[in-house]
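The structure appears below as structure tokens.
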Protein chains: 2
Amino acid sequence: MALSLDEIDRRLLTELQADADRTNVELARLVGLSPAATLHRVRRLKEAGVIRRITAELDPDLAGFPLRAYVSVTLARHTPTAERAFQAALQDIPQVVVAEVVAGETDLLIQIVARDVPELQRVLTRLSVHGAQRIVTLLHLQEIKTRSPLPLTDPA
Amino acid sequence: MALSLDEIDRRLLTELQADADRTNVELARLVGLSPAATLHRVRRLKEAGVIRRITAELDPDLAGFPLRAYVSVTLARHTPTAERAFQAALQDIPQVVVAEVVAGETDLLIQIVARDVPELQRVLTRLSVHGAQRIVTLLHLQEIKTRSPLPLTDPA
DNA sequence: GATGAAATAGCATTTGC
DNA sequence: GCAAATGCTATTTCATC
């Protein structure tokens with residue numbers, strides 16, 4: 001599943017994770033390649049899917065979402081139909097910004113954003129309605145380490 | 001803490017969250033503004049901090065990190081010193097890509113990436129060594145809903 | 001097979017309105 | 001917020017190692 005990336009690819013990916021808001025010539029200088037070669041490599045990394053997308057990361061507070069929560073969910077019934085129905089419901093709840101199947105103490109882990117407490121509560125209620133049994137909520141209090149780049153250049 | 005954003009700002013932010021890999025003229029067409037005005041607004045949003053950064057989102061599998069885990073941590077001692085020491089340790093572990101203080105069943109929630117099981121285990125051991133008491137690991141199995149934009153245009 | 005250099009078309013950015 | 005102007009960049013092409 002993993003692609004073979006050489007040292008220059010890894011440096012490109014590291015730089016682009018840290019800051020993708022730079023010109024191609026700037027990026028080229030950083031990795032010591034010509035702009036043309038740099039452009040070619042970055043395009044290949046996008047086409048290969050290693051770079052999923054270039055995106056704007058917002059400050060949730062400043063954007064009007066002071067409440068964030070992690071919600072771990074255990075489903076009431078574990079039939080394939082019930083699971084698919086629940087997953088479809090998650091797609092339709094815009095305040096659910098991430099959802100994953102996990103292995104461990106729970107079945108699913110969901111990330112929620114909300115503008116205020118009533119909105120948070122409405123989302124939790126919707127989860128219950130759609131088949132969530134045990135719901136454990138962890139309310140975000142403080143960021144310790146903000147999303148950091150994958151450690152591509154580290155010794156394995 | 002929240003900024004006042006008008007409808008055009010919200011559309012700009014929504015578009016940039018979905019795909020920031022577009023030219024300014026393209027973005028201008030999408031929101032119905034001139035390129036100059038669009039550039040001005042986007043720059044203001046960056047300076048205000050609503051846009052934290054523009055970043056490349058990678059595919060963790062293709063980038064060589066097939067193992068991801070959420071780890072909830074309860075600290076052995078809750079003295080300010082112990083907490084600060086633990087948080088400092090997190091900054092130094094490159095496989096820890098996100099860390100937050102939460103309220104609920106646990107104290108901290110951490111996101112980890114690893115290339116293989118031994119690497120994952122090494123990280124978990126480092127967490128124990130630095131003061132983590134109860135460690136609950138949720139291993140990522142499958143993405144249900146990939147990181148979605150903040151629902152800026154939704155009715156509150 | 002990937003890189004570099006040169007050329008063109010298009011864009012980012014500024015200024016004045 | 002818009003329109004026009006300029007300097008720079010993205011992008012292509014072609015030659016090269």
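Throughout, protein chains are lettered first and strands after them, A, B, ... in sequence-line order, and every chain is numbered starting at 1.
Between the P atom of D:dA10 and the CD atom of B:Glu26 lies a distance of 15 Å, rounded to the nearest Å. Rounding to whole angstrom units, CG of residue B:Leu27 and C1' of C:dT13 are separated by 15 Å. One atom, CG of A:Asp6, and another, C1' of C:dA2, lie 10 Å apart when rounded to the nearest Å. If you take CG of A:Leu12 and C1' of C:dA2, they are 14 Å apart, rounded to a whole angstrom. Remark: P of C:dC11 and CG of A:Asn24 are 16 Å apart, rounded to the nearest angstrom. In this structure, CG of B:Asp21 is placed 14 Å from C1' of C:dC11, rounded to the nearest angstrom. In this structure, CZ of A:Arg22 is placed 18 Å from C1' of D:dC8, rounded to the nearest angstrom.
Checked against salt bridge (Lys or Arg N to Asp or Glu O under 4.0 Å), B:Glu26 has no partners two or more places apart in sequence or in another chain.
Looking at A:His78 and A:Gln133, their side chains never come closer than 4.5 Å, going by heavy atoms from C-beta outward. Contact check for A:Gln87 versus A:Val101: side-chain heavy atoms found under the 4.5 Å cut-off.
A salt bridge is absent between A:Glu100 and B:Arg68: the closest approach of a Lys/Arg side-chain nitrogen to an acidic carboxylate oxygen does not fall below 4.0 angstrom. The pair B:Arg115-A:Asp154 fails the salt-bridge criterion, with no side-chain N (NZ, NE, NH1 or NH2) lying under 4.0 Å from an Asp/Glu carboxylate O.
Near-neighbour residues of DNA chain D inside residues 32-48 of chain B, defined by a heavy atom below 4.0 Å, number-ordered: B:Leu33, B:Ser34, B:Ala36, B:Ala37, B:Arg41.
Of the candidates B:Asp21, B:Leu27, B:Leu45, B:Leu16 forms a side chain to side chain contact (heavy atoms under 4.5 Å, CB included) with just one, namely B:Leu27.
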